[in-house]
Amino acid sequence: MTSATTMTTALELVHREQLMRLAREVSFDAGTRLFEEGRRANRFWIVRTGTVALDLHVPGRRPAVIDTLGHGELVGWSWHFPPCIWHLGAETMSPVRAWEFDADEVRALCSADAEFGRSVAVWVGRVVAQRLHASRVRLLDLYAPYGSGDPA
């Protein structure tokens, strides 16, 4: 987990409070598919407890797990960028408790409050950059002749 991308680190207190007013507590059993690549992204989550695996569809193979998310991490960023279609899939690896957010409500708040919107956009952008890097490293590990070359 990269601390710069967790909600508590990425958002100022006033913006966290604004966002949390829209939160709904949810729980999922292990093995629950939260979303599928290519489908409409209309919500997102912040993990409270448990783990969520992000995966990428690979034709002719099982989905490749790209990253594993835990406490405080954002699950889903595709809701923030039109056309709001999931770029990855997600499945719970253990029982998960999370805060769920309706994407339309959060986008409306972002539009109504420019400072809040910028803060959320910077946070989501950091998450996208982190996930892009994780995807690249994982796919090189899986499919490149010598892996990613990353010692980690």
Side-chain angles (χ1 to χ4, degrees), residues 1-11 15-16 19-20 22-110 117-152:
M1 167 173 56
T2 303
S3 63
T5 60
T6 61
M7 177 186 66
T8 54
T9 304
L11 296 179
H15 297 142
R16 284 195 312 266
L19 182 62
M20 291 308 295
L22 303 176
R24 181 174 79 93
E25 290 187 38
V26 294
S27 300
F28 302 101
D29 293 331
T32 301
R33 289 298 288 179
L34 297 179
F35 52 86
E36 295 288 345
E37 186 177 344
R39 297 209 176 137
R40 184 171 174 267
N42 61 358
R43 63 193 66 252
F44 63 95
W45 302 265
I46 297 172
V47 178
R48 295 175 61 208
T49 62
T51 54
V52 176
L54 298 177
D55 56 44
L56 179 66
H57 175 74
V58 180
R61 297 180 183 230
R62 295 181 61 185
V65 174
I66 298 301
D67 207 353
T68 304
L69 308 177
H71 175 74
E73 291 191 280
L74 175 66
V75 179
W77 54 263
S78 301
W79 62 273
H80 192 61
F81 302 102
C84 302
I85 302 296
W86 294 117
H87 292 272
L88 299 170
E91 184 170 324
T92 60
M93 297 177 65
S94 66
V96 168
R97 290 176 40 222
W99 288 296
E100 183 177 79
F101 300 86
D102 179 278
D104 290 335
E105 289 180 355
V106 176
R107 284 192 302 266
L109 183 55
C110 288
R118 182 186 177 289
S119 185
V120 169
V122 168
W123 171 42
V124 173
R126 285 181 183 152
V127 170
V128 172
Q130 178 188 5
R131 305 274 162 79
L132 179 61
H133 177 74
S135 297
R136 178 186 173 277
V137 168
R138 182 67 176 138
L139 291 174
L140 285 172
D141 283 343
L142 290 172
Y143 302 113
Y146 302 105
S148 67
D150 198 6

Gap between atom [atom2] of [Y] and atom [atom1] of [X] - 0.5 Å precision:
X   : Y    : atom1 : atom2 : value
F28 : E100 : CZ    : CD    : 5.5 Å
D67 : R131 : CG    : CZ    : 6.0 Å
N42 : F35  : CG    : CZ    : 11.0 Å
E73 : Q130 : CD    : CD    : 6.0 Å
L69 : W45  : CG    : CH2   : 11.5 Å
H15 : C110 : NE2   : SG    : 9.5 Å

Give every donor-acceptor pair under 3.5 Å between a side-chain atom in residues 51-58 and any protein atom, sequence neighbours left out.
| residue | atom | partner | partner atom | Å |
| --- | --- | --- | --- | --- |
| T51 | OG1 | S94 | OG | 3.4 |
| D55 | OD1 | R33 | NH2 | 3.3 |
| D55 | OD2 | R33 | NH1 | 2.6 |

Just by distance, do the side chain of [X] and the backbone of [Y] share a donor-acceptor pair under 3.5 Å?
X    : Y   : result
S119 : L11 : no
T32  : T92 : no
H71  : T49 : no

Any side-chain heavy-atom pair of [X] and [Y] under 4.5 Å:
X    : Y    : result
M20  : F101 : yes
V106 : L19  : yes
W123 : L74  : yes
C84  : R107 : yes
E25  : W99  : yes

Going by the rule ring pair (Phe, Tyr, Trp, His ring centres under 6.0 Å), which residues pair with W79 if we only count those two or more places apart in sequence or in a different chain?
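Listed in chain order: F44.
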